[in-house]
Amino acid sequence: MRAIRVATNGGPEVLELGEVEVPEPGPGQLLVDVAAAGVNFIDTYQRSGLYSMQLPFTPGSEGAGEIVAVGPDVDGFAVGERVAWATAPGSYAEKALVPASSAVKVPEGVADDVAAAAMLQGMTAHYLITSTHEVKTGETVLVHAAAGGMGLLLTQLIKFKGANVIGTVSTDEKERLAREAGADEIIRYTEADVAAEINDLTDGRGVDVVYDGVGKSTFEASLASLRPRGTLVLFGASSGPVPPVDPQRLNSSGSLFLTRPSLGHHLLSREELDWRAGDVFNWIVSGTINIRIDGTYPLADARKAHEDLGGRRTTGKLLILP
């Protein structure tokens with residue numbers, strides 16, 4: 001079968017299409033024909049070496065497709081069923097081994113591409129607004145990169161929870177998309193001082209929580225935008241990792257809370273996975289959220305997908321279609 005392989009860490013150019021043996025599912029595993037694989041920033045971190053991986057490897061942890069074989073000791077799944085996953089390595093391939101413990105069944109009414117696009121970002125948005133900081137009616141929330149895949153989902157769900165959204169974007173088109181998703185106010189981070197704008201928009205109070213998946217380039221503005229005892233949720237680093245922080249800064253800035261969560265720590269049981277994935281699929285079927293797929297790429301163009309994601313030229317989710 002065909003798969004993308006990374007033999008050495010580096011830029012998008014290290015993504016190489018090759019032929020590998022079709023794997024056999026072992027105990028607790030499913031072999032799935034991959035219909036679509038999600039492209040995420042974590043894939044770029046692993047490719048570059050920022051997150052260590054044993055070389056060589058096939059990138060991609062998210063996807064959806066049809067089960068073609070079931071390994072021993074698997075209950076509840078059968079050949080022919082459609083499943084999706086967010087934490088199974090090796091998804092940039094025609095077939096992938098998926099632990100049954102990480103797979104969820106895709107309900108009727110949710111297409112394979114939508115399921116693949118929704119799993120990682122959808123469940124991330126779920127834990128961010130329910131577990132990391134439970135968004136409440138009337139709160140004011142700052143969402144960085146509000147027109148990206150995560151930003152659009154967060155904006156829709158924060159509005160669903162009854163809170164107000166201030167989003168940062170860089171272009172007219174991204175502002176249009178963020179407003180369509182429900183953003184109440186927009187700040188052009190390339191043209192304005194974000195913290196000063198937040199001060200004006202909140203009459204000097206600051207926001208209750210900042211959802212920041214950008215990292216290095218937004219971190220200072222995020223801290224400066226919070227109200228006393230506000231929370232900065234740093235869930236990504238698309239602009240690079242944040243330098244070390246003196247905890248005393250949190251005190252002097254208003255007894256602030258800073259957290260760096262990850263999806264894996266919010267999927268610690270089958271019950272938690274089913275809760276988060278189930279809510280995401282229900283939101284899709286009910287129309288509560290719209291999953292915007294911004295671009296699709298064949299396996300051979302995985303390099304282009306990483307270039308587009310890293311260049312911040314996207315407004316929604318990117319998928320690889322093996």
Side-chain angles (χ1 to χ4, degrees), residues 4 32 34-47 50-51 53 58-65 82-93 96 98-99 101-106 110-132 143 145 148-157 211-215 233-238 260-268 272-284 289-297 302 305-306 308-310 314-322:
I4 296 295
V32 181
V34 180
V39 180
N40 298 291
F41 275 106
I42 190 171
D43 304 342
T44 70
Y45 304 157
Q46 292 172 347
R47 182 209 71 221
L50 180 63
Y51 289 3
M53 297 287 288
T58 294
S61 61
E62 175 187 42
R82 294 190 305 137
V83 292
W85 59 93
T87 57
S91 299
Y92 288 14
V98 179
S101 60
S102 299
V104 295
K105 294 181 182 180
V106 179
V110 179
D112 288 337
D113 59 345
V114 173
M119 284 297 288
L120 190 145
Q121 291 181 339
M123 290 196 295
T124 297
H126 187 284
Y127 85 71
L128 290 175
I129 67 163
T130 61
S131 302
T132 305
V143 177
M150 272 300 307
L152 291 172
L153 279 175
L154 280 169
T155 297
Q156 292 175 80
L157 289 173
Y211 289 112
D212 188 343
V214 179
V233 182
L234 184 68
F235 66 91
S238 62
R260 179 58 175 93
S262 65
L263 179 60
H265 296 139
H266 291 82
L267 298 175
L268 296 180
E272 198 164 33
L273 171 61
D274 288 340
W275 168 43
R276 299 196 193 282
D279 278 358
V280 170
F281 286 141
N282 287 336
W283 288 333
I284 293 170
I289 58 174
N290 174 59
I291 305 297
R292 177 181 170 82
I293 298 173
D294 188 53
T296 59
Y297 307 77
H306 277 221
D308 289 346
L309 184 66
T314 62
T315 54
K317 185 73 177 187
L318 303 184
L319 295 177
I320 290 174
L321 306 180

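At distances below 3.5 Å, at least one donor-acceptor pair connects side-chain atoms of Y45 with backbone N or O atoms of A237. In this structure a side-chain-to-backbone donor-acceptor pair under 3.5 Å is present from Y211 to L128. With hydrogens and angles ignored, the 3.5 Å screen pairs no side-chain donor or acceptor of T315 with any backbone N or O of G148. Here the side chain of T44 pairs a donor or acceptor atom with the backbone of F41 at under 3.5 angstrom. Judged by distance alone, the side chain of Q156 and the main-chain N or O of N290 form a donor-acceptor pair under 3.5 Å.
In this model, no donor atom of one side chain and acceptor atom of the other lie less than 3.5 Å apart for H266 and R276. Side chains of D279 and W283: no donor on one and acceptor on the other come within 3.5 Å.
Under the side-chain contact (heavy atoms from CB on, under 4.5 Å) rule, S61 has a single partner from L263, T87, L120, which is L120.
Contact between A125 and L153 at its shortest, heavy atoms only, is CB-CB, 4.4 Å. Nearest heavy-atom pair, G151 versus V143, reported as atom, atom and distance to 0.1 Å: CA-CG1, 4.0 Å. Heavy-atom minimum distance, P261 versus V233: CG-CG1, 3.9 Å. Smallest separation of non-hydrogen atoms from W85 and S102: CB-O, 3.7 Å. Residues A84 and A115 approach most closely at CB-CB, 4.2 Å, considering heavy atoms. What you find for V214 and A145 is that their closest heavy atoms are CG2-CB, 4.1 Å.
Counting only heavy atoms from C-beta outward, the side chains of F235 and T132 never approach each other to under 4.5 Å. Within the 4.5 Å cutoff, the side chain of W275 has heavy atoms near those of the H126 side chain. Side-chain contact between V83 and V32: present, with at least one pair of heavy atoms (C-beta onward) separated by less than 4.5 Å. By the 4.5 Å heavy-atom criterion applied to side chains, V39 and K317 are not counted as neighbours. Proximity of Q121 to I291: side-chain heavy atoms (C-beta onward) are nowhere separated by under 4.5 Å. Contact of the V280 side chain with the M119 side chain is not registered, since no non-hydrogen atoms from C-beta on lie closer than 4.5 Å.
Going from atom CG of N40 over to atom NE2 of H306 covers 9.0 Å, rounded to the nearest 0.5 Å. Note that CD of E272 and OH of Y127 are 11.0 Å apart. Values are rounded to the nearest 0.5 Å. Taken to the nearest 0.5 Å, the CD1 atom of I289 stands 5.0 Å off from the CD1 atom of I284. The CG atom of D212 sits 11.5 Å away from the CE atom of M150 when rounded to the nearest 0.5 Å.
Identified under the salt bridge (Lys or Arg N to Asp or Glu O under 4.0 Å) test for residues 111-127, with sequence neighbours left out: R82-D112.
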